[in-house]
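Notes for the one structure printed next.
To find a chain, count down the sequence lines: A is the first, B the second, and so on, and within it residues start at 1.
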Amino acid sequence: MPAAMEASLSLSQQSTPQGSSSFFVSLLQQCKSAADCRHLHHQYLLHSLHATPFVSNHLVQTYGIFASIEDTFCVFATMPRRNIFSWTSMVVAYARHGLGVCSINKMLTLGKHIHTYIHLNGFDCNAYVGTALIDMYGTCGCVEMARAAFDAIRAKDVVSWTAILTVYAQHDEGATALELYIKMKNDGVLANDVTYCSVLNACANLADLEVGRRIHADTCTLGFWSSSLVNNAILNITALVTTYAYAYHGHAKHVVRLFAKMKQEGVKPDEVTFTSLLSACSHAGLIDEASRNFRSLKEDQGVARTMEHYACMVDLHGRVGQLGEAEELIREMPFPPNHVIWEIFLGACRMHKDMEHGQFAAEQVLQLAPDKSAPYVLLSNLYASEGKWEEELKIRKLMIERGVQKQVGCSSIEVDGVLHHFMVRDRSHLRTEEIYAELERLNLEMKAEGYVPETNQVLHDVEEELKEQLLFYHSEKLALAFGLVSTPRGTPLHVVKNLRICSDCHTAAKYISKIRGREIIMRDYNRFHRFKDGLCSCGDYW
DNA sequence: CTAGGGTTAG
């Protein structure tokens with residue numbers, strides 16, 4: 001490619017400057033790697049194309065996609081003149097790099113820096129620049145800053161509204177997202193399919209099927225009934241709510257039926273539709289249904305298999321312990337597996353105690369996503385559950401060396417409109433004495449019913465009795481105990497945890513729901529669990 | 001001539 005570019009570019013030297021700049025842009029659009037970018041950058045300087053602002057802007061955009069954020073910034077900073085387009089493209093580059101190429105903290109630091117300049121130049125009131133900033137902060141998990149960027153926009157259009165709605169929906173603030181949707185309508189801004197996609201996603205996160213139905217009705221009235229974006233969001237909401245919050249296998253079959261109905265009505269399913277379907281099947285254990293669809297995807301349904309489809313299938317086999325089949329799928333994938341695939345496989349190895357494969361999978365994850373704390377935690381868990389303390393220590397040291405921070409678990413529960421937060425072994429709550437006394441009582445009652453603490457879940461190399469204690473002061477259990485002592489008998493308890501729910505806490509919640517006759521709804525990092533009469537809606541399958 | 005928002009796998 002570079003050689004071809006060079007040849008074609010030297011030909012264009014003869015033509016007018018106008019002609020060579022549009023030709024250069026068409027070459028930029030064929031760029032496929034950082035090396036291509038640098039090569040074209042060289043040509044750009046050689047042909048003095050920096051004199052044409054729109055060419056420089058294209059170069060920044062292309063660098064933003066393929067090259068490092070430092071290199072992109074360098075191009076941006078050496079432009080003779082920067083306009084609104086340049087600033088927008090630079091912020092988009094920051095947002096994109098926040099998505100895993102760089103560490104989020106680094107992005108946030110650099111992003112805030114550029115935000116200051118944007119503000120000083122008064123560009124933050126522009127809808128394009130502002131919306132890019134919303135997206136950047138959202139990607140970095142900074143909801144307040146995203147909101148500030150939104151507020152600064154003078155003429156907020158449908159894209160700005162959708163961007164901020166999405167940030168709230170993706171950060172467990174579905175209620176705020178829905179409020180903003182109403183506000184947007186009151187402001188006279190017309191929602192489009194992308195907006196509805198986000199609004200429906202907010203409903204899914206809230207597990208609010210009722211509001212979801214109402215909004216679905218709105219979309220039909222407005223003529224979005226055939227939009228695959230909106231339809232996929234609706235299928236997703238149904239899949240999420242029915243499989244995770246309300247029921248067992250029968251309801252996942254409802255998703256399968258809904259899917260069939262969709263096809264009957266002439267709505268063509270796309271890759272995303274199938275990802276939702278396969279995922280619902282996987283979580284409900286509908287192996288045959290999933291496998292049949294996966295196998296016939298290309299031939300019968302005309303949809304190319306994606307990374308996500310493979311992820312669902314690896315998960316499906318992995319969770320039932322068919323590690324060989326899962327591995328086979330990874331091997332036959334037509335593209336290199338990403339870190340998510342290996343994380344799923346690693347989770348399955350951990351669940352089924354396959355150290356050898358687990359270690360290999362963990363190494364792949366560490367290589368592909370060195371900034372993520374999850375693989376380190378999973379690997380150290382794996383070693384810990386096998387009692388390999390030296391190996392476990394090595395992983396933890398590596399984590400410190402690389403500056404990877406483990407996210408601290410935190411559970412919240414709402415009582416009388418007030419949100420109470422708990423960390424592990426937290427004693428900061430005003431009613432700590434009562435909470436710990438309740439935990440003691442629960443411990444005895446649960447053991448009488450047959451509860452055995454899963455001490456192999458505890459990370460540290462400590463004595464059995466101490467392990468049991470460490471488990472018992474998990475944030476989930478503290479939040480539950482507080483809920484029990486502070487609400488009237490029979491009140492359902494709603495707990496939200498920022499990470500995946502711990503397996504021992506999951507077991508404990510089942511016992512507690514039975515012993516105390518309470519319904520417990522726990523919202524985990526990406527799932528709902530509904531505990532009732534000693535059982536969980538996930539069927540211990542999550 | 002160039003710029004901003006979306007669903008899905010964990």
Expressed in angstrom and rounded to an integer, what is the separation of [X] atom [atom1] from [N] atom [atom2]?
X        : N      : atom1 : atom2 : answer
A:Leu27  : B:dT2  : CG    : P     : 17 Å
A:Gln61  : B:dG4  : CD    : C1'   : 11 Å
A:Phe274 : B:dT7  : CZ    : C1'   : 15 Å
A:Glu308 : B:dG10 : CD    : P     : 10 Å
A:Tyr137 : B:dG4  : OH    : P     : 18 Å
A:Gln170 : B:dG5  : CD    : P     : 12 Å
A:His58  : B:dT2  : NE2   : C1'   : 4 Å
A:Ile330 : B:dG10 : CD1   : P     : 14 Å

Return no unless some side-chain N or O of [X] is found under 4.0 Å from OP1 or OP2 of [N].
X        : N     : result
A:Asn236 : B:dT7 : no
A:Asn201 : B:dT8 : yes
A:Gln29  : B:dT2 : no

Atom NE2 of A:His171: over 12 foreign heavy atoms under 6.0 Å: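 Atom NE2 in A:His171 is crowded, with more than 12 foreign heavy atoms closer than 6.0 Å.
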Pair A:Phe294 and A:Phe274, ring centroids less than 6.0 Å apart: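 Not under 6.0 Å, so no.
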Centroid separation A:Phe360 to A:His357 less than 6.0 Å: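 Centroid distance A:Phe360-A:His357: not below 6.0 Å, so no.
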Just to be sure I understand the rule, does [X] reach a base, reach only the sugar-phosphate, or reach nothing, if contact means heavy atoms closer than 4.0 Å?
X        : answer
A:Met313 : nothing
A:Ser160 : base
A:Ala233 : nothing
A:Asn338 : base
A:Asp157 : base
A:Val340 : base

Set of salt bridge (charged side-chain N to carboxylate O under 4.0 Å, His left out) partners for A:Arg331, sequence neighbours left out: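 A:Arg331: salt bridge (charged side-chain N to carboxylate O under 4.0 Å, His left out) contacts with A:Glu327, A:Glu328.
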Partner set under salt bridge (charged side-chain N to carboxylate O under 4.0 Å, His left out) for A:Glu271, not counting sequence neighbours: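 Testing A:Glu271 for salt bridge (charged side-chain N to carboxylate O under 4.0 Å, His left out), a comparison that skips the adjacent residues, returns none.
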Pair pattern of DNA chain B in dot-bracket, where unpaired bases get dots and | marks partners in another strand, Watson-Crick or G-U under 3.5 angstrom: ..........
Side-chain donor-acceptor contact under 3.5 Å, A:Asn83 with A:Ser86: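 There is such a pair (donor and acceptor under 3.5 Å, judged by atom type) between the side chains of A:Asn83 and A:Ser86.
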A:Thr195 and A:Asn192: side chain donor to acceptor below 3.5 Å: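 Side chains of A:Thr195 and A:Asn192: pair found under 3.5 Å.
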Taking the side chain as every heavy atom from C-beta outward, state whether [X] and [Y] have any pair of such atoms under 4.5 Å apart.
X        : Y        : answer
A:Tyr137 : A:Val167 : no
A:His58  : A:Gln29  : yes
A:Arg38  : A:Tyr63  : yes
A:Cys536 : A:His529 : yes

Close approaches to DNA chain B from residues 74-85 of chain A, in residue order (heavy atom, under 4.0 Å):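 Output list: A:Ile84, A:Phe85.
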Residue-level proximity of residues 181-195 of chain A to DNA chain B when a heavy atom falls under 4.0 Å: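 A:Asn192, A:Val194, A:Thr195 - these, ordered by number, are the residues of the stretch whose heavy atoms sit under 4.0 Å from the strand.
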Nearest to side-chain heavy atoms of [X], which nucleotide of [options]:
X        : options              : value
A:Ser276 : B:dA3, B:dT8, B:dG10 : B:dT8
A:Val159 : B:dG5, B:dG10, B:dT8 : B:dG5
A:Thr88  : B:dA3, B:dG10, B:dG5 : B:dA3

Mutual orientation of the aromatic rings belonging to A:Phe76 and A:Phe73 [parallel < 30°, tilted 30-60°, perpendicular > 60°]: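 Taking A:Phe73 first and then A:Phe76, their aromatic rings sit tilted (interplane angle of 30° to 60°).
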Listing, residues 182-190 of chain A side-chain donor-acceptor contacts under 3.5 Å, not counting sequence neighbours, or none:
{"from": "A:Lys185", "atom 1": "NZ", "to": "A:Tyr181", "atom 2": "OH", "distance (Å)": "3.4"}

